[in-house]
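Since the structure comes first, as structure tokens, the remarks are kept for the end.
It should be emphasised that the depicted structure is a prediction, and the values quoted were computed from it without experimental measurement. In what follows, every heavy atom counts, from backbone to side chain, and hydrogens, waters and symmetry copies are set aside.
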Amino acid sequence: MAVAELYSSTLQIILDDGLDMDSGKQVYKTKSFNNIKPEATADQLYALAHAFVELQELPLYDIERKDSSQIMES
């Protein structure tokens with residue numbers, strides 16, 4: 001049987017940068033914060049993301065968490 005061991009997390013804040021004038025498509029900017037503790041809860045990351053968003057000029061579009069795990073035999 002295999003098990004997955006979570007070893008790192010990244011918090012990404014996606015900001016709305018408006019429309020591209022040439023293509024008419026929506027443009028987004030991403031701010032990534034590495035070295036997030038893997039045991040951080042969704043509530044903690046949500047609060048942290050909103051604290052960072054208050055320092056940004058662009059409006060918030062989305063908040064994402066990216067986790068990396070190592071899969072090994074148990």
Side-chain angles (χ1 to χ4, degrees):
M1 177 184 222
V3 295
E5 182 179 323
L6 183 64
Y7 67 88
S8 72
S9 290
T10 300
L11 175 65
Q12 291 186 329
I13 299 171
I14 302 162
L15 305 169
D16 185 349
D17 197 23
L19 292 176
D20 181 282
M21 299 304 278
D22 295 328
S23 68
K25 293 183 179 180
Q26 197 67 33
V27 177
Y28 301 103
K29 302 261 180 171
T30 302
K31 304 276 185 178
S32 295
F33 301 92
N34 299 321
N35 299 323
I36 300 296
K37 291 184 178 183
E39 52 277 346
T41 66
D43 285 334
Q44 291 169 329
L45 294 179
Y46 185 83
L48 179 63
H50 277 277
F52 281 119
V53 166
E54 291 180 14
L55 303 173
Q56 304 300 311
E57 293 179 9
L58 300 174
L60 177 65
Y61 175 74
D62 199 12
I63 302 168
E64 294 182 358
R65 176 185 185 152
K66 305 285 184 178
D67 292 327
S68 295
S69 298
Q70 181 179 14
I71 299 174
M72 61 193 121
E73 190 174 339
S74 61

Handout entry: Straight-line distance of F33 CZ to L11 CG, nearest 0.5 Å
Key = 6.5 Å
Problem - Y7 and S68, any side-chain heavy atoms less than 4.5 Å apart - result: yes
Handout entry: Approximate separation, where rounding is to 0.5 Å, of T41 OG1 and R65 CZ
Key = 8.0 Å
Completion exercise
When every non-hydrogen atom of L19 is compared with those of G24, the smallest separation belongs to CD2-O, 3.5 Å
Practice task
Step through the shown structure and confirm whether more than 12 heavy atoms of other residues, nucleotides or ligands are within 6.0 Å of CE on M21.
Solution key: no
Handout entry: Side-chain (Q26) to main-chain (G18) donor-acceptor, under 3.5 angstrom
Key = yes
Exercise for the section: May I ask you to decide whether K29 forms a salt bridge with D17, counting only side-chain N to carboxylate O separations under 4.0 Å? Expected result: yes
Practice task
Would you check if the side chain of T30 reaches a backbone N or O of I14 as a donor-acceptor pair within less than 3.5 Å?
Solution key: no
Exercise for the section: Taking the side chain as every heavy atom from C-beta outward, state whether L60 and I13 have any pair of such atoms under 4.5 Å apart. Expected result: yes
Problem - Atom pair CD1/NZ of I36 and K66 - distance to nearest 0.5 Å - result: 14.0 Å
Practice task
Work out which heavy atom in S9 is nearest to a heavy atom in P38; give both atom names and the distance.
Solution key: OG-CA, 3.6 Å
Handout entry: K37 NZ to S8 OG distance, which is reported to the nearest 0.5 Å
Key = 14.5 Å
Handout entry: Atom OH of Y46 with >12 non-hydrogen neighbours under 6.0 angstrom
Key = no
Problem - Residue pair T10 / S32: nearest heavy atoms and the distance that separates them - result: CG2-CB, 4.2 Å
Practice task
Check whether any side-chain heavy atom of E73 sits under 4.5 Å from a side-chain heavy atom of M1, and report yes or no.
Solution key: no
Handout entry: Test item: K31 and Q56 side chains (from C-beta on) under 4.5 Å apart, heavy atoms
Key = yes
Handout entry: Hydrophobic cluster identity match, F52 and L45, side-chain contacts under 4.5 Å
Key = yes
Problem - Value rounded to 0.5 Å, distance of CG in D62 from OH in Y28 - result: 9.0 Å
Exercise for the section: Test side-chain contact (heavy atoms from CB on, under 4.5 Å) on I71 and E5 and set out the steps. Expected result: CA-CA 6 Å; I71 299 174; E5 182 179 323; over 6 Å; no
Handout entry: Crowding at CG, N34 (>12 non-hydrogen neighbours, <6.0 Å)
Key = yes
